[in-house]
Asker: 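Handing you a structure now.
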Amino acid sequence: MLDIRRIREEPETIAAALARRGVDPDALEEVRALDARRRELITEGDELRAVQKQRSREIGGAGSPQEREALIAEVKKVSARLDELEPAQREAEEALEAALAVLPNLPHPEAPEGEEEDDAVELSAFGARPAFDFAVRDHVELGEALGIIDIPRGVKVSGSRFAFLLGHAVLLEFALVRYALDRLAPEGFTPVIPPVLTREEPLYGTAFLPTGAEQIYAVERDELYLVGTSEVPLAGLHAEEILDEADLPVRYAGFSTCFRREAGTYGKDTRGIFRVHQFDKVEMFSFCLPERSEEEHARLRDLQVDLLSGLGLHGRVVDIAVGDLGASAARKYDCEVYLPGQDAYRELTSASNCTDYQARRLRARYRDAEGENVLLHTLNGTAIAVGRTIIALLETHQRADGTVAVPEALQPHLGTEVLA
RNA sequence: GGAGGCGUGGCCGAGCGGACGAAGGCAGCGGUCUUGAAAACCGCCAGGCACCUCGCGUGUCUCGAGGGUUCGAAUCCCUCCGCCUCCGCCA
């Protein structure tokens, strides 16, 4: 959610920033008109309510029966007018809220121009690109041969884009999770297992709703939703709260299963487990001071690089183009890891700085030195997307005989040096 | 799922139709005192929105949520939600 006061005070600046993301200036104009209407109704309503309260008190203070009757008659008139006004006020507020809710965050001034994935700007690279003197297999071939990924049976049980992980793949998952949590703990990230079914509020707060509803599994009967990332419950953790400045930044490493409908991705990444409806992920989430969020964003990015390169993976960091940002993000860095099976760099992790956009929706604030309540900044970044990391590990560390070397960092957790 | 009880500010807890956004206490913050600390004493201490003479300003809304009665509701009525106790069921 954008700051309505800023929209009021510097509409041209906001319009220009949103234009970079392709937002129609008319949408902003509508917001301004709705805001004006709302404020008009609030002013009128507040004045009437003030009269109503004042007169009601006077009635209590006695007077003659005649005075009393006259006052009651007057108040009734005011109340009648308010009965008309209040629904109008509520509608105006809801209309403004709805119009404001669909506007995305303002992009960071340095976020690259562009509409799509290809417009991302490469910032850096990490790890050595793997070289093979044999025909590489992809993770499906490797996983099936090793008996650790079973896609046909996943489809049998749950439909397309579902799979079973078995044996070493499961141990690999737990090793990866432990590896990530161990790396993050000294950085101040508290491990969290959040609820994966949430109410509507946290989804709205993180801006997965109302835009993006088609990506979310809904349990309608109970008015709950399956989250697509633990970003949702982690953001909700401090919703409606006012944190102490001394406690900031507050960092969490959430482990959860993630559910995504992947609507509109027919035909995209249909092979293997790259794009599935259910996967597990360790997610970093930070609540921090506004003036520290850029620094925090760089920290999340660097941790991602550290985690991936620590697994012997090769990839690059890209700065996502403004047109390709999620609604909440002002800026986003992705780590794209080289997957030998696809001979391509694919997104394994992503870190977003959502500035105060989510915090405003969530009402997550802190009290500053002057005693003012100020919106926090929120950031989220993948620590380990388990499924995709397994893909990268299998494909990167495969050997001519179809076995896979286990990176040193995982060996203690996995108890083996090779998957065979 | 059944029966009963309860939902008030960061916490505890009064208030049960008229000046209540709400006594009192605790915690917190500032100050006096002190070499320092403690104690004692004094003061401050919920959030949202709107407005303006932008001030430690004015108004308005919020006592689980929503609706109703009334000139007036934290207080009365209805519905819902949550928590606690007991019973049932289940892992």
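This structure is a prediction, so every number in the text was calculated from the model and none was measured. Throughout, a chain's letter reflects where its sequence line sits, starting with A, and its residues are numbered from 1.
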Asker: Side chains of A:Ser350 and A:Asp334: donor-acceptor distance under 3.5 Å anywhere?
Answerer: yes
Asker: Using the side-chain heavy atoms of A:Arg365, tell me which of these nucleotides is nearest: B:G48, B:C71, B:G59.
Answerer: B:G48
Asker: Base, sugar-phosphate or nothing for A:Arg38? Non-hydrogen atoms, less than 4.0 Å.
Answerer: sugar-phosphate
Asker: To the nearest angstrom, how far is A:Asp244 atom CG from B:A46 atom C1'?
Answerer: 14 Å
Asker: Does the ring centre of A:Tyr333 sit less than 6.0 Å away from the ring centre of A:His297?
Answerer: yes
Asker: Quick one: is B:A50 close enough that its OP1 or OP2 comes under 4.0 Å of any side-chain N or O from A:Arg8?
Answerer: yes
Asker: Could you check how far CD of A:Glu97 sits from P of B:G48, rounded to whole Å?
Answerer: 15 Å
Asker: Round to the nearest Å and state the distance from A:Ile4 atom CD1 to B:G48 atom P.
Answerer: 17 Å
Asker: Please report the distance separating the C1' of B:A74 from the corresponding atom of B:C16, rounded so that it comes out in whole Å.
Answerer: 9 Å
Asker: With nearest nucleotide decided by heavy atoms, which residue, A:Gly45 or A:Ile72, maps closer to the 5′ end of RNA chain B?
Answerer: A:Gly45
Asker: Distance check needed: B:C49 C1' versus A:Leu41 CG, whole Å only.
Answerer: 13 Å
Asker: Quote, to the nearest angstrom, the P distance that separates B:U58 from B:C63.
Answerer: 23 Å
Asker: Check each of A:Val317, A:Thr349, A:Leu300 against A:Val305 using the side chain to side chain contact (heavy atoms under 4.5 Å, CB included) test, and report the only one that passes.
Answerer: A:Val317
Asker: In whole angstroms, how far is the C1' atom of B:C49 from the CD atom of A:Glu86?
Answerer: 14 Å
Asker: Of all the choices, B:A50, B:G72, B:U60, which nucleotide is nearest to the side chain of A:Thr43 once you look at every atom?
Answerer: B:A50
Asker: Look at the side chain of A:Asp46 and decide which nucleotide, out of B:A46, B:C51, B:U60, has an atom nearest to it.
Answerer: B:U60
Asker: If you assign A:Asn373 and A:Gln52 each to the RNA chain B nucleotide with the nearest heavy atom, which residue ends up on the more 5' nucleotide?
Answerer: A:Asn373
Asker: In whole angstrom, give the distance that lies between atom NZ of A:Lys53 and atom P of B:U58.
Answerer: 14 Å
Asker: For A:Arg5 and B:C49, is the shortest distance between a side-chain N/O and OP1 or OP2 below 4.0 Å?
Answerer: yes
Asker: Establish, with yes or no, whether the OP1 or OP2 oxygen of B:A50 is under 4.0 angstrom from a side-chain nitrogen or oxygen of A:Arg49.
Answerer: no
Asker: Pick from A:Thr382, A:Leu172, A:Leu176: which one makes a side chain to side chain contact (heavy atoms under 4.5 Å, CB included) with A:Thr389?
Answerer: A:Leu176
Asker: Let me know the distance between CD of A:Glu245 and P of B:C29, rounded to the nearest Å.
Answerer: 15 Å
Asker: OP1, OP2 of B:G48 versus side-chain N and O of A:Arg363: anything below 4.0 Å?
Answerer: no
Asker: If you measure from the P atom in B:G67 to the same atom in B:C26, how many Å do you get, rounded?
Answerer: 39 Å
Asker: Under a 3.5 Å cutoff, is there a donor and acceptor pairing between the side chains of A:Ser79 and A:Gln52?
Answerer: yes
Asker: Figure out the CZ/C1' separation between A:Arg90 and B:U60, and round it to whole Å.
Answerer: 15 Å
